[in-house]
Amino acid sequence: MKTRLENFFNAKSFCVVGASTTSNKPGNVVAYNFVHFFPGKTYLVNPKGGELYNNKLYKSVLEIDDSIDAACVIVPARYVPLALQECGKKGIKNIIVTTGGFSEIGEEGIKLQQQMFDVMREFELNVIGPNCLGLYSPALGYDTMFLPGSKLKRPSNGPVSIFTQSGAFGAAFIDQLSRLGSGKWVSKFISYGNASDINETDSLEFVGQDPDTKMILIYLEDFKNGREFMQKAREISLKKPIMGIKANRTETGAKAGASHTAALSVNDIIVDDLLSDAGIIRVITWDQLEDCVLVFGTQPLPLGDKVAIVTDGGGAGVMASDMVSDCGLTLAKLSAEVQKKLDDTFPSFYSTGNPIDITGSATAADYRIALEAVYDDPNVDSIVNICIPVIPDLDIEEYIKITKELAKRKEKPFVTALVGGEEADYATVELLKDDLPAFESPGRAVRALGMLTEYTKYLQKHGVDPRSIKMED
Amino acid sequence: MSGIKEILTVIQSEQRKAVLEHEAKMILRKMEIIVPPSALVKTKEEAIEAASKFGYPVVMKLMSVEVIHKTDYGAVVINLQSEEEVKSTFDDFMNRFSSVDVAGVLIEKMVGKGLELIIGTNTDPTFGPVILFGVGGVMVEAIKDVVFRLCPTTQPQALQAIEEIKARVLLEGFRGMPKVNKKELSNLIVKISELAWEYKEYIAEMDINPIIANEDGLFPVDARIILK
């Protein structure tokens with residue numbers, strides 16, 4: 001069955017209704033995006049007529065002879081119902097309305113949205129929005145994000161698809177991803193705003209079947225179609241990881257009832273249980289979401305929960321160990337062979353248990369020995385590489401080289417925590433340049449592994465081999 | 001499952017939202033859920049006959065649409081050991097509740113001590129019928145050790161839910177308590193979720209609490225159903 005969003009993304013001809021000649025105005029930015037990047041045919045509409053970016057400005061969509069697959073309506077809220085009506089008459093079925101000022105502003109806006117509904121029903125339109133950024137796909141040259149490229153930087157093509165209820169969250173996260181590592185992260189971005197028609201469940205259904213989407217990131221505040229969302233998520237999460245934020249956690253749920261069950265039915269507790277049952281990794285904070293992109297997007301899933309930690313600082317190792325247990329992970333018991341190798345190689349004042357503490361005397365060569373040994377240990381499922389670079393004998397360039405080699409092997413998840421100041425920052429940036437997960441604290445690095453492992457456990461419980469989940473074809 | 005709709009329709013036609021315990025248990029029986037042997041009696045003689053048929057000890061509960069929170073009104077008496085005690089309890093009920101509309105007295109075989117669990121359902125404004133499983137008893141709302149799933153739920157989902165309560169160690173035979181049969185428990189969760197789903201037009205909320213888990217099995221001891 002074809003999903004409703006496919007009609008939008010597969011459009012061969014696109015119309016910008018409300019194309020503005022004033023630079024940086026929303027209607028100007030979207031016109032620019034489509035004229036310059038969209039491989040299909042672009043039509044621009046502005047009642048004043050004239051020309052924009054060497055394209056004719058049609059006074060009305062009804063003047064256009066060609067058939068049009070999808071449109072973006074960027075006109076003031078009060079003109080939106082009329083613009084939709086004209087699109088409907090023209091036979092345009094798939095329309096993005098980015099304009100705000102509808103149900104989110106109260107009574108007046110609710111009336112306008114009702115008028116929108118009437119037109120939508122009359123012409124059987126598929127509508128995204130209103131009050132949203134619409135759609136973005138770098139590979140398809142599809143971009144209704146009305147914020148200028150000089151301000152909102154666009155990430156390029158990659159494995160992640162995102163759908164969000166909040167446009168501002170979406171814009172910020174898109175901007176953030178553009179400067180994360182190579183910036184090659186995004187497949188499809190969907191901002192559906194007030195969800196007058198297309199909602200979270202349509203979005204999930206689309207990215208779930210989209211072959212270019214390898215992982216799914218979500219930001220929700222509420223559900224329009226919660227039951228179906230959870231049912232679809234249960235199927236999709238066995239094929240690709242779904243993770244994200246369900247904010248609005250203090251929202252009150254059902255009114256108090258006569259039973260204990262009703263009294264215990266707190267909205268967020270139910271949401272939390274249903275998300276976990278559906279295999280969705282729930283995160284609470286913004287930084288966790290970026291961490292998700294980094295680890296899920298660049299590292300394989302672990303096959304179990306046993307972690308090895310290598311560190312040059314005792315405290316960092318202890319804190320990482322604490323986080324290991326907080327995240328439901330366990331410290332690996334190293335195999336006898338690996339243990340013997342470490343004991344034979346390292347001076348007696350190095351601690352060769354797990355965490356392996358190679359102390360302030362550590363050299364890059366010591367890191368190589370310890371990290372390679374645990375990487376190759378069959379008893380180890382994932383590795384945390386902690387470095388406080390302030391120690392005198394550590395050649396940071398050499399350390400970065402070793403870390404890159406191991407993080408690129410991608411047989412097991414390998415995360416790095418660089419703790420400190422200038423040199424730590426430098427090494428972090430170097431690793432991120434190659435899209436390798438590097439974090440500023442041991443806790444954050446372990447927590448990222450925790451999220452990967454949570455997903456592994458879910459898959460294994462459902463009889464799915466975690467190795468079947470891949471970020472590349 | 002035939003007959004459940006009829007029971008619910010009758011209750012609705014009486015403009016009642018509360019399903020009485022004996023009606024709720026009749027519904028559970030129709031879902032092939034094992035509940036302790038019980039009988040609704042109208043006379044002292046019937047009470048004695050039922051008690052001796054089930055064997056002592058028994059529990060007696062007053063069934064009345066005016067007495068929903070039975071424990072609060074002293075309308076539940078447990079651990080009745082003899083014919084004498086059944087007689088005097090019956091008389092006591094008739095005296096104390098002479099002014100209320102009494103549907104009868106439920107005589108029930110008393111279930112031995114065990115771990116108290118809860119299975120409940122509710123109609124969530126976002127997700128529709130949801131099922132809850134957790135640690136039951138009178139302190140359920142204080143302990144709040146519960147897990148939710150969508151109705152209808154499957155057995156693997158129910159088994160997973162059972163593993164998610166904080167007190168799951170209690171199910172493993174904690175300090176001499178009998179081990180809980182998780183397969184049977186998950187079956188019970190599935191059946192109750194199916195009941196809530198099949199009859200979602202009627203049922204708003206449900207508490208099967210406590211469900212006593214002891215060496216003989218799992219026994220729903222009290223059941224409350226609230227209609228829409």
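Chain letters run A, B, ... following the sequence lines, proteins first and then strands; every chain starts at 1.
Nearest heavy-atom pair, A/Gln231 versus B/Leu150, reported as atom, atom and distance to 0.1 Å: CG-CD1, 4.3 Å.
B/Ile118 touches chain A through its side chain: at least one heavy atom from C-beta onward sits under 4.5 Å away, while N, CA, C and O do not. Contact annotation for B/Arg224: only side-chain heavy atoms (C-beta onward) come within less than 4.5 Å of a heavy atom of chain A. Looking at A/Lys461, only its side chain comes within 4.5 Å of chain B, counting heavy atoms on both sides.
Chain A forms the most heavy-atom pairs under 4.5 Å with one residue out of B/Asp207, B/Val140, B/Thr121, and that residue is B/Asp207. Of the listed residues (A/Leu264, A/Asp272, A/Ile269), the one with the most heavy-atom contacts under 4.5 Å to chain B is A/Leu264.
The distance from the CG atom of B/Asn122 to the CD1 atom of A/Ile270 is 6.5 Å, given to the nearest 0.5 Å. Once rounded to the nearest 0.5 Å, the distance linking NE2 of A/His260 with CD1 of B/Ile208 reads 12.0 Å. Atom CG of residue B/Asp124 and atom CZ of residue A/Phe223 lie 10.0 Å apart, to the nearest 0.5 angstrom.
For B/Arg29, the CZ atom counts as densely surrounded, since its 6.0 Å shell holds more than 12 non-hydrogen atoms of other residues, nucleotides or ligands. The 12-atom threshold is exceeded at CD1 of A/Ile105, counting heavy atoms of other residues, nucleotides or ligands nearer than 6.0 Å. The environment of CZ in A/Phe117 is crowded: more than 12 heavy-atom neighbours from other residues, nucleotides or ligands sit within 6.0 Å. Residue-environment remark: NZ (A/Lys457) exceeds the threshold of 12 foreign heavy atoms within 6.0 Å. Atom CD of A/Glu107 has 12 or fewer neighbouring heavy atoms from other residues, nucleotides or ligands inside a 6.0 Å radius. Environment of CE in A/Met319: sparse, with no more than 12 heavy atoms of neighbouring residues, nucleotides or ligands closer than 6.0 Å. Taking a 6.0 Å sphere around CD1 of B/Ile34, one finds it holds 12 or fewer heavy atoms contributed by other residues, nucleotides or ligands. Around the CD atom of B/Glu32, the shell of radius 6.0 Å holds no more than 12 heavy atoms that belong to other residues, nucleotides or ligands.
Using a distance-only test at 3.5 Å, with no hydrogens or angles considered, a donor-acceptor pair links the side chain of A/Thr261 to the main chain of B/Met206. Between the side chain of A/Arg227 and the main chain of B/Pro129, a donor-acceptor pair closer than 3.5 Å is present. Here the side chain of B/Glu205 pairs a donor or acceptor atom with the backbone of A/Ser259 at under 3.5 angstrom.
Under the 4.5 Å side-chain criterion, counting only non-hydrogen atoms from C-beta, A/Asp277 is not in contact with B/Phe148.
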Verdict with reasoning, B/Gln160 to A/Ser276, per side chain to side chain contact (heavy atoms under 4.5 Å, CB included): CA-CA 10 Å; B/Gln160 179 61 31; A/Ser276 113; over 6 Å; no
